[in-house]
Amino acid sequence: MNRASLLAFIVACIVWEVVTRYFDIPRYIFPSLTVILIEMWNNAGVFIHNTAITATESLLGAVVGCAIGLAVGYLMALRRLAENILLPYVIGSNSVPVVAIAPLLALWFGHGLLSKVLVAAFLCFFPIAINAYDGLRDRGGVFKELFSVIGASSDFYFWNLRVPLAIPFLLAGAKVSVVLAVIGAVVAEFVGSDAGLGFGMLQASYSLNTPRLFGYMFVSCILGLIFYGSIMLIELLLKRSRRWEWAFG
Amino acid sequence: MIAADAISFAFGREKVLSKVSFRIDRAEIVAVLGPSGVGKTTLLRCIAGLLRPETGKIEIDGSAPEVAASEQKIGYLFQQDSLLEWRSVQENVRLPFEAASVKLSSDEIDQRIFKSLQLVGLVDASTKFPHELSGGMRQRVALARALAPDPRVLLLDEPFAAIDLITRERIMIELHAILREAETPTVFVTHHIEEAVFLSDRLLLLGGKPAIIVDTWEITLGLTRTDAILSQPEFLDIVLKLKQKLRSGEWSRQ
């Protein structure tokens, strides 16, 4: 966070606090920032518990979704037959609303961890699959000719040219995927669960505990930012290395 | 070492090369000179096995180009330097050894990489990355990579195309010294007459549509070429004659 964004954040918080207090907006409609923070502080144990559950589901979902996305992207990039068969389904999968797939997965796999992980993985899958497909695709050109002239095998060509060239694509896909994993886990918890941020949000909304609802939304945002930040950190480390700075210049 | 016998090539219906023949039997530098688009790079790609001629036969050291490439008998310098940005200079030069089906000992590989970098004067830059180098240095790394496996032939495709005019002259002189020392039979293509005359022992003039070899010139400027040659009457006379030939249209009518 740079100085300008920190300043904007502080100003937004002050405006929020002043407006809600000045107009005396009821806390069940739009609570002030301090009311939300007090609610979170007083119920820290519940918040931590629910956050840990959603974080676990999101993390596992991100790992599974990225692994499957990578495998499908790899297949589509390498085999024309796989590209022809899989690409329409991969694109189609992105158009299926997660609120439709979540109840279905809950029906098939129950209300435990597995269905949450699968919903998170489902949302993660598309960005990583399409970026892996784009990044690993054979670009031909002078590099292909170079590898041909030095007598390189297709495996050597893949690992020593296509994979390194795909790294910026994969990181771009991962940045989107990991944030979607959090959304997937929360939506899955909405459908059926007894813990997690989604469950907490539902409970808070049923009891008109709007400060707590806002609290869960904050935590959900922070979780997404942490996931996104972890990929940004990898990108930053690569950017600062002499070997990879060209890719992220 | 390179024998091209009546090579013809077409892109679809468009015939590019017609019965091009030549031989290179010793460590000489042969320039293929011709106007842009005549088919010089196509000829070079056929020699490297990147394109397959419709008719005719190419042999490199007695093998078909594809076999020669798999045995790393061909060194190829592209118009763009084609360096892998995520590999250091040394790692770029190491690439052909990693790709080779027959592995050498690591000591021998290190020695060859060192020798090759020494030849192009880049030993001190071996740990740098391509984006830290100038255009001329990048091209020298690519040349070191092409020379490191000790190829039987070296093919250069307009090696100075991406280099500015001021650097070009300096690099041209350096390249000649490197090629002389490497003693590798070399074919290079260019549309730049001065460059072709300065670097080569023999000139093949490519012209017509489809292209044929319209003339062959022996260049007798001596084995050592320095910048002094660029102002010698003999050099200027050859350049002038070639330019007159080009302007007269004699070149393309053949």
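Residue numbers start from 1 in every chain, and the chains themselves are labelled A, B, ... in the order their sequence lines are given, proteins ahead of strands. Here the structure is a predicted model, which is why all the values come from computation and not from measurement. When reading the values below, keep in mind they use all heavy atoms of this one structure, side chains included, and skip hydrogens, waters and symmetry mates.
Qualifying side-chain hydrogen bond (donor to acceptor under 3.5 Å, both in side chains) partners for Ser21(B), counting only residues two or more places apart in sequence or in other chains: none. Under the side-chain hydrogen bond (donor to acceptor under 3.5 Å, both in side chains) criterion, Glu183(B) pairs with no residue, sequence neighbours left out. Partners of Val15(A) by side chain to side chain contact (heavy atoms under 4.5 Å, CB included), not counting sequence neighbours, listed by chain and number: Val11(A), Val19(A).
With a 4.5 Å cut-off on non-hydrogen atoms, Leu161(A) touches chain B through its backbone and its side chain both. Interface remark: Leu155(B) contributes no atoms to any contact with chain A (heavy atom separation under 4.5 Å). Interface residue Ile74(B): backbone and side-chain heavy atoms are both found under 4.5 Å from chain A.
For the atom pair Phe143(A) CZ and Leu84(B) CG, the distance stands at 5.5 Å (nearest 0.5 Å).
Under a cut-off of 6.0 angstrom, the local environment of CG in Asp124(B) is sparse, with at most 12 non-hydrogen atoms contributed by other residues, nucleotides or ligands.
The nearest pair of heavy atoms linking Phe78(B) to Val149(A) is CZ-CG2, 4.5 Å.
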Present all donor-acceptor pairs from chain B to chain A with distances below 3.5 Å, rounded to 0.1 Å.
unit_1    : atom_1 : unit_2    : atom_2 : d
Arg45(B)  : NE     : Glu145(A) : OE2    : 3.4
Arg45(B)  : NH2    : Glu145(A) : OE1    : 3.2
Gln72(B)  : NE2    : Ile150(A) : O      : 2.8
Trp86(B)  : O      : Arg243(A) : NH1    : 2.8
Arg87(B)  : NH2    : Asn160(A) : OD1    : 3.1
Glu91(B)  : OE1    : Arg243(A) : NH1    : 2.8
Glu91(B)  : OE2    : Arg243(A) : NH2    : 3.2
Thr127(B) : O      : Arg242(A) : NH2    : 3.1
His131(B) : NE2    : Arg242(A) : O      : 2.9
Glu132(B) : OE1    : Arg242(A) : NH2    : 2.9
Glu132(B) : OE2    : Arg242(A) : NE     : 2.9

